[in-house]
Asks: 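Right, I'll just put the structure down here and ask away after.
Each chain gets a letter, A, B and so on, in the order its sequence line appears, and its residues count up from 1.
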There are 2 protein chains.
Amino acid sequence: MKKTQSASIHDVARQAGVSTGTVSNVLSGKRPVAPATRARVEAAIEALRYQPNLLASALVSQRSRVLSIVVSELRDLGYYGYLSALEGIQHRANELGYSLMLHFVRSTDPEGIRRLLDTVNGRKSDGILWAIHESSGSHRWVDQIALSAYPPMVFLNMHPNPALDVVTVNNVGGAKLAVAHLAAQGAKRIGLVAGPEGWWESEMRRQGWQAALLEAGLEPAASLTAAGDWSAESGKIAMRQLLANRPELDAVFCSNDIMALGALHTIVSLGRTVPHQILLAGFDDTPEASSFCPALTSVRQDLTGLGEAAVNLLQERIYPQDETGSQPRQILIEPELVIRDSSRRG
Amino acid sequence: MKKTQSASIHDVARQAGVSTGTVSNVLSGKRPVAPATRARVEAAIEALRYQPNLLASALVSQRSRVLSIVVSELRDLGYYGYLSALEGIQHRANELGYSLMLHFVRSTDPEGIRRLLDTVNGRKSDGILWAIHESSGSHRWVDQIALSAYPPMVFLNMHPNPALDVVTVNNVGGAKLAVAHLAAQGAKRIGLVAGPEGWWESEMRRQGWQAALLEAGLEPAASLTAAGDWSAESGKIAMRQLLANRPELDAVFCSNDIMALGALHTIVSLGRTVPHQILLAGFDDTPEASSFCPALTSVRQDLTGLGEAAVNLLQERIYPQDETGSQPRQILIEPELVIRDSSRRG
DNA sequence: TTGTATGCGTTATCAA
DNA sequence: TTGATAACGCATACAA
């Protein structure tokens, strides 16, 4: 008594008058099949609209052809360009014949992580892409959980860790690029609208700001900085605070474009102008940056490339080619500066 | 000879000195188990860190506890608030114990769709959430493909179709709300920056604009409209065109916030001011809208709620409660207007 | 309350 | 080149 709707490999075999093994061979191409029988089998497949059950296939072959992407809140995707990374992941995964599962982390304590990893494991993903921003303690579990019990894992945009496979943007370098440019335009008091405290990306971009100031012979005073939470609203507030502390500010680097939008709002509403009185630069180079008033100078990161690189690395872990290549790898993506009106002295 | 790393139900059974059936009963709770044996089994599960293989479970139970989300390009997610819908989907799906798969459509011709549906089907998803914007021909396949051959399907944000399960925002109503508000502020020449031609959402918002104009006794002339492609850059261009055609414009409704940002850019760069000379309103109420200069009046849609409603409906299709409820349902989400400075006459 | 046996739809091993 | 047959890990009807 059959319960399933769709045709199984048995149905095809019966219809074609061959064994299931032969049908399997026709589909996989792993073993030779006589042209005549192949034709019969293909006709049967067509006639029955047969679609292999990938679950059963995965069960026996121990390969699900599924990759799991682990993210935290979805808002992250929208805000920080994880979406572009996802685009790269999707593209490359599709080329390699993988489907994608999406998993959401609620708590980053080891117990929560373990629960998540267990469900991912239960689904038998072939590999895991860890696409969660690193903030205080969020990645501490990697030292406490035996990763070997789970499928291969590649981490996106976290602090390079020699024990892990990591694909990351050079955030320090990117921020330095932007701030050095502001200094080169003649700015002497360059403020920083930082991201939230504890976030790795915030910290790196702050370091880039600091390094660029020092190299330009300027002092990275704490009063030149204010932190937001990546949102436009927080950018408004941070900028207000900055201008209250240091009214003589002549340039500001914002740790992302969205906060730069808020900062712009505050600057204008306080009667100042960009770029004539204050130069402005952001980070991310979102598609909208060129439509800000004025168009925003920003740091572009090739996140699509980052996503693709992550999948490539994962693929190498799933199907190791070579004993020598088995060392964890840290891949660094170099960002570039896109200069627009917001940082060009009239 | 075992190949798998992780413990199977057999290992647990052996360790606890019971049969696999009993272990299964402990986990599912479908049949009574003596407290003593239950304790032994649970100890064994704990000791072996046993995690059920959901693939095998799905294979035999014909239920994978997986929902598939079908989207087109990822950019869509970022632009049109699909991300918020995804948030709702994710939340509700998680509550119901589903994992999520993400599938990407490349071509919307029937053959491409069929290929996609076949892989979704091969993965044995329990249900499908069709989250692709409706544009010219993109949904034509629903009449040509037998949906009954696939798992239950719920469509997000498409034209209500009495034969399908659809969850949709009232786009006409939302646009009407915004434009009626502009008219109530005294605007007499209200322009429209429309979305790309052929898109259902563009068309609905245009209809809302038109209806509101007529109700206000104004004429919805074609020269009052220009179309963009949802991007900020296209908003800039459309606005330029609009002001060239009709320099006397005193208000503009943009079909999304991103284009409104571009429109704002053009208006300001041409030396006009918002709201004093031109009133402006958008659609989507993105988080950034309140940080535009000036803050943007916009139409808010409860997309999270939309996502949750979609999952609820899907769940009902997967586990039908009642014969009577089996008619296709069209759920309409009502948007609301958020009034900010861009539409308030000083 | 528990154990045994069968099947879910594949792939893979071994003979033929 | 092909056909039986045995897993894969689990759920369930049936027997005990």
Asks: A:Gly17 near the nucleic acid: base, sugar-phosphate alone, or nothing, with a heavy-atom cut-off under 4.0 Å?
Replies: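 A:Gly17: backbone/sugar contact only, no base atoms under 4.0 Å.
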Asks: Grab the CG-P distance between B:Leu59 and D:dA7 for me, whole Å please.
Replies: 17 Å
Asks: Taking 4.0 Å as the cut-off, does a side-chain nitrogen or oxygen of B:Ser19 come that near to OP1 or OP2 on C:dT4?
Replies: no
Asks: Does the side chain of B:Gln315 pick up a donor-acceptor pair with the side chain of B:Tyr98 at under 3.5 Å?
Replies: yes
Asks: Hey, does A:Arg114 have a side-chain heavy atom less than 4.5 Å from the side chain of B:Arg49?
Replies: yes
Asks: Is it true that A:Asp126 and A:Arg65 make a salt bridge, defined as a side-chain N closer than 4.0 Å to a carboxylate O?
Replies: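 Between A:Arg65 and A:Asp126 there is no salt bridge, as every charged N stays at least 4.0 Å from the carboxylate O atoms.
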Asks: Assess the side chains of B:Ser125 and B:Ser68: does a donor N or O sit below 3.5 Å from an acceptor N or O?
Replies: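 Short answer, yes.
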Asks: Can you find a heavy atom in the side chain of B:Leu117 that is under 4.5 Å from one in the side chain of B:Trp141?
Replies: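 When only atoms from C-beta onward are counted, B:Trp141 and B:Leu117 do touch, with a gap below 4.5 Å.
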Asks: Measure from CZ on B:Arg123 to P on C:dT10 and round the result to the nearest Å.
Replies: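 Computing the B:Arg123:CZ to C:dT10:P distance gives 13 Å.
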Asks: From the options C:dT1, C:dT10, C:dG3, select the nucleotide whose nearest atom is closest to the side chain of A:Ser8.
Replies: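 Comparing C:dT1, C:dT10, C:dG3 against the side chain of A:Ser8, the answer is C:dT10.
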Asks: Taking the side chain of A:Pro52 as heavy atoms from C-beta outward, which of C:dT2, D:dC10, C:dT10 is closest to it?
Replies: C:dT10
Asks: Taking the nucleotide of DNA chain C with the nearest heavy atom to each, does A:Tyr50 or B:Ala36 sit closer to the 5' end?
Replies: B:Ala36
Asks: Regarding B:Ser99 and A:Arg123, is there a side-chain donor-to-acceptor distance under 3.5 Å anywhere?
Replies: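 Looking only at side-chain atoms, A:Arg123 and B:Ser99 do form a donor-acceptor pair, the distance falling under 3.5 Å.
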Asks: From the options D:dC10, D:dC8, C:dA12, select the nucleotide whose nearest atom is closest to the side chain of A:Lys30.
Replies: C:dA12
Asks: Rounded to whole Å, please give me the gap between CZ in A:Arg40 and P in D:dT1.
Replies: 15 Å
Asks: Over how many whole Å does the gap from B:Leu55 atom CG to D:dG9 atom P extend?
Replies: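 Between P of D:dG9 and CG of B:Leu55: 11 Å.
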Asks: Let's see if you can work this out: which of D:dC10, C:dT11, D:dT12 has an atom nearest to the side-chain heavy atoms of B:Ala56?
Replies: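 Taking heavy atoms from C-beta onward, the closest nucleotide is D:dC10.
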Asks: Nearest-Å distance, CD (B:Gln62) to C1' (C:dG9)?
Replies: 9 Å
Asks: Starting at atom CG of B:Asn25, determine the distance to atom C1' of C:dT1, rounded to an integer number of angstrom.
Replies: 10 Å
Asks: Between D:dC10 atom C1' and A:Asn53 atom CG, what is the distance in whole Å?
Replies: 14 Å
Asks: Side chain of A:Ser24, heavy atoms from C-beta onward: which of C:dT11, C:dG7, D:dG3 has the nearest atom to it?
Replies: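 When the side chain of A:Ser24 is considered, C:dT11 is the closest of C:dT11, C:dG7, D:dG3.
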Asks: Side chain to side chain donor-acceptor pair (under 3.5 Å) with B:Asp165: which of B:Gln330, B:Gln327, B:Arg329, B:Arg317?
Replies: B:Arg317
Asks: Would you say D:dG3 has OP1 or OP2 under 4.0 Å from some side-chain N or O of A:Thr22?
Replies: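 So the side-chain polar atoms of A:Thr22 do come within 4.0 Å of the phosphate oxygens OP1 or OP2 of D:dG3, strictly under.
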Asks: So what does B:Ser28 hit on the nucleic acid, given a heavy-atom distance under 4.0 Å: a base, only sugar-phosphate, or nothing?
Replies: nothing
Asks: Looking at D:dT2, I'd like to know if its phosphate oxygens (OP1 or OP2) sit under 4.0 Å from a side-chain N or O belonging to A:Thr37.
Replies: yes
Asks: What nucleotide among C:dT2, C:dG9, C:dG7 has an atom nearest to a side-chain atom of B:Val33?
Replies: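 From the listed options, C:dT2 comes nearest.
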Asks: Return the value, rounded to whole Å, for the distance between atom NE2 of B:His10 and atom C1' of D:dA6.
Replies: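 For the pair B:His10 NE2 and D:dA6 C1', the rounded distance is 14 Å.
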Asks: Students often get this wrong, so: under 4.0 angstrom with heavy atoms, is B:Ser57 touching a base, only sugar-phosphate, or nothing?
Replies: sugar-phosphate
Asks: By the 4.0 Å heavy-atom rule, please label B:Val23 as base, sugar-phosphate, or nothing.
Replies: nothing
Asks: Should B:Arg115 and B:Asp118 count as an ion pair when the cut-off is N to O under 4.0 Å?
Replies: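 Between B:Asp118 and B:Arg115 there is no salt bridge, as every charged N stays at least 4.0 Å from the carboxylate O atoms.
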Asks: Polar atoms only, N or O, under 3.5 Å: list the protein pairs with nucleotides 13-16 of chain D and their distances.
Replies:
none

